[in-house]
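Working notes, structure below.
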There are 2 protein chains.
Amino acid sequence: MAPDITPRQAAVLNFIAECIDEHGYPPTIQEIGQRFGIASTNGVFDHLKTLERKGFIERSSKARSIRLTPKAAAGLTRRHADALPLVGRVAAGYPLLAVENIEEYIRVAPRLARRNAFCLRVTGDSMIDAHILEGDIIVVDRDRPPATKDIVVALVEDEATVKYYYPQDEMVELRPANAAMSPMFFPAEQVQLQGVVISLQRDLDAHSPIPR
Amino acid sequence: MAPDITPRQAAVLNFIAECIDEHGYPPTIQEIGQRFGIASTNGVFDHLKTLERKGFIERSSKARSIRLTPKAAAGLTRRHADALPLVGRVAAGYPLLAVENIEEYIRVAPRLARRNAFCLRVTGDSMIDAHILEGDIIVVDRDRPPATKDIVVALVEDEATVKYYYPQDEMVELRPANAAMSPMFFPAEQVQLQGVVISLQRDLDAHSPIPR
DNA sequence: TGGGTTGCTGAATTTTTGTTCAGTATACTC
DNA sequence: GAGTATACTGAACAAAAATTCAGCAACCCA
């Protein structure tokens, strides 16, 4: 049996997931065709039959009756369902968002999920004076250009760090929000900015039952 | 204007939400009609027009194109839309969650939306030493019994306040997390506990474009 | 007592959507 | 070099679904 998916099929599957995310209901066959420039509804129909045969979707003969199966997640390149990747321990040499670095997917408010963003669990108390605590989950926007005084996530020597951002001529100052710690200075080329912290979620409810 | 919903309309709204939950896509007009024994599609159509006029759903002329708005949560007996009410200025004499007190519905992580909870925007800096800032949105669980040292929302003289909770024999101490402020003591019967703060969301991104 | 809202019936009509059939071209594989 | 999967075109057709129109009955409100 072939559990494989072709690039074209994956694109169709992704589009279906996007539609559900965005509109709340699946696309019609003609809507899929429009998106991919497939003139004949039968071209799309073939894709759907194949995706169903391979177990990625379920359908019936009714309008918009496409359903994603749990297996569909395997064929999706984009995350689904209002989730952002939680980056865990950062593995040396890998890009921050490499699969190896992703611990899990965290469900966040849709407003945040629509961004090109990721989540990071804060370790240490270097930002405590900015009221960001150990264990807080921060949401980091990768598309937002960092401005002076922004709180950023930077990669220095393969370690991710959260600090205030103060760029200088050839150097970058990363300033903690903790009176007990000193600012750090690096040559600009040694600092890889990953994004700007746009939101924060804290769980005060440590001893709560685990949600489904 | 009537932001109200009749029992019949609420039943229809609930059925729509159930369908989305269960099948992954909204029902058609005829499916709704079948469920409620409404013979004419126009009977259902009237309901949909009314629900749309009242802001509970959005639709287009396409098949199954019903979408629940965040407001839909108000009409639902079960919670589907991952939204919690944001309680605004507290009106004297009204229950905290009366329609008059609800400013809007905030989309939150589904884990939180499943609770019997509401959101509150923090005013003032009485909890700043607990790293809760003015403007933060806190999520308050109404079903969680408050324990000593929990951060709670309490209603005292028709004003909602966020404080540490220290119950005593006949009195309740509400303790701020701010060295510049003093604890307050009230007879237990003057304090209406609304719930325990279980989560917090902060937007650091004040000058970002408004999400759609 | 008249006007508005709610909650429908019944029928006609249009639009949207899914399905089927008959082909074509390319690539892979045995 | 035959056989199979992929990825389509184009046309015709059937079905599902939405929309509109013309009513009716019950209720509340003022």
Side-chain angles (χ1 to χ4, degrees), chain A residues 1-16 18-20 22-68 72 74-75 77, chain B residues 1-16 18-20 22-68 72 74-75 99:
Chain A
M1 191 203 74
D4 290 309
I5 190 168
T6 67
R8 192 64 165 169
Q9 288 160 11
V12 172
L13 188 61
N14 268 282
F15 176 66
I16 294 168
E18 268 172 46
C19 281
I20 295 174
E22 203 166 319
H23 303 115
Y25 43 82
T28 63
I29 288 182
Q30 17 272 350
E31 281 167 359
I32 299 172
Q34 264 175 34
R35 164 64 180 74
F36 290 99
I38 300 172
S40 170
T41 52
N42 189 43
V44 179
F45 198 57
D46 278 353
H47 280 307
L48 295 187
K49 278 189 287 191
T50 307
L51 284 171
E52 187 171 23
R53 178 170 49 79
K54 292 184 175 178
F56 293 105
I57 61 171
E58 287 169 4
R59 9 175 293 115
S60 75
S61 73
K62 298 181 298 182
R64 296 182 193 275
S65 59
I66 304 173
R67 224 194 311 196
L68 297 183
T77 55
Chain B
M1 192 206 76
D4 291 308
I5 190 169
T6 67
R8 190 65 164 169
Q9 287 160 11
V12 172
L13 188 62
N14 267 283
F15 176 66
I16 293 167
E18 267 171 46
C19 280
I20 294 173
E22 202 167 318
H23 304 115
Y25 44 81
T28 63
I29 289 183
Q30 16 273 351
E31 282 166 0
I32 299 173
Q34 263 176 35
R35 164 66 180 73
F36 291 99
I38 300 172
S40 170
T41 52
N42 189 43
V44 179
F45 197 58
D46 279 352
H47 281 307
L48 295 187
K49 278 188 287 191
T50 307
L51 285 172
E52 187 171 23
R53 178 169 50 78
K54 293 185 176 178
F56 294 106
I57 62 171
E58 286 169 6
R59 12 173 293 113
S60 75
S61 73
K62 298 182 298 183
R64 295 182 193 277
S65 59
I66 305 173
R67 225 195 310 195
L68 297 183
V99 185

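These numbers were taken from a predicted model, which means no experiment stands behind them. Letters A, B, ... mirror the listed sequences (proteins, then strands); counts begin at 1.
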Phosphate OP1/OP2 of D/dA26: any B/Arg8 side-chain N/O under 4.0 Å: no

Within-4.5 Å side-chain heavy-atom neighbours: B/Thr6 and B/Thr50: no

Nearest listed nucleotide, side chain of B/Thr28, among D/dT20, C/dG18, D/dA17: D/dA17

Minimum heavy-atom distance between B/Leu48 and B/Ile57, given as atom pair plus value: O-CD1, 3.6 Å

Exam field: side chain B/Ser65 to backbone B/Ser60, donor-acceptor pair closer than 3.5 Å: yes

Between C/dG18 (P) and B/Lys62 (NZ): distance, integer Å: 12 Å

Value rounded to 0.5 Å, distance of CZ in A/Phe56 from NE2 in A/His47: 13.5 Å

Polar side-chain atom of A/Arg59 near backbone of A/Glu52 as donor-acceptor pair, under 3.5 Å: no

Under-4.0 Å side-chain N/O to phosphate OP1/OP2 contact, B/Lys54 with C/dT6: yes

D/dA18 OP1/OP2 closer than 4.0 Å to side-chain N/O of B/Ser65: no

Under-3.5 Å donor-acceptor pair between A/Asn42 side chain and D/dT9 base: yes

B/Phe36 CZ to C/dT6 C1', straight-line distance once rounded to whole Å: 15 Å

Whole-Å distance separating the CD atom of B/Glu31 from the P atom of D/dA18: 8 Å

For atom CD of B/Gln9 and atom C1' of C/dG7, their distance in whole Å: 9 Å

Proximal nucleotide (of C/dT17, C/dT9, D/dA18) relative to the B/Gln30 side chain: D/dA18

OP1 or OP2 of D/dT6 under 4.0 Å from side-chain N/O of A/Arg53: yes

Nearest listed nucleotide, side chain of B/Ile29, among D/dG10, C/dG7, D/dT19: D/dT19

Sugar-phosphate, base or nothing in reach of A/Ser40, heavy atoms under 4.0 Å: base

Out of D/dA17, D/dT9, D/dT19, whichever nucleotide has its closest atom nearest the side chain of A/Ala63: D/dA17

Any donor-acceptor N/O pair under 3.5 Å between C/dT17 base and A/Thr41 side chain: no

Nearest-Å distance for atom pair CG/P, residues A/Asp46 and C/dT19: 12 Å

Length of the line joining A/Ile66:CD1 and C/dG18:P, which is rounded to integer Å: 7 Å

Base C/dG18 paired with A/Ser61 side chain (donor-acceptor, <3.5 Å): no

Separation of D/dC21 C1' from B/Phe45 CZ (nearest whole Å): 12 Å

Rounded distance in Å - CD1 (A/Ile57) to P (C/dG18): 11 Å

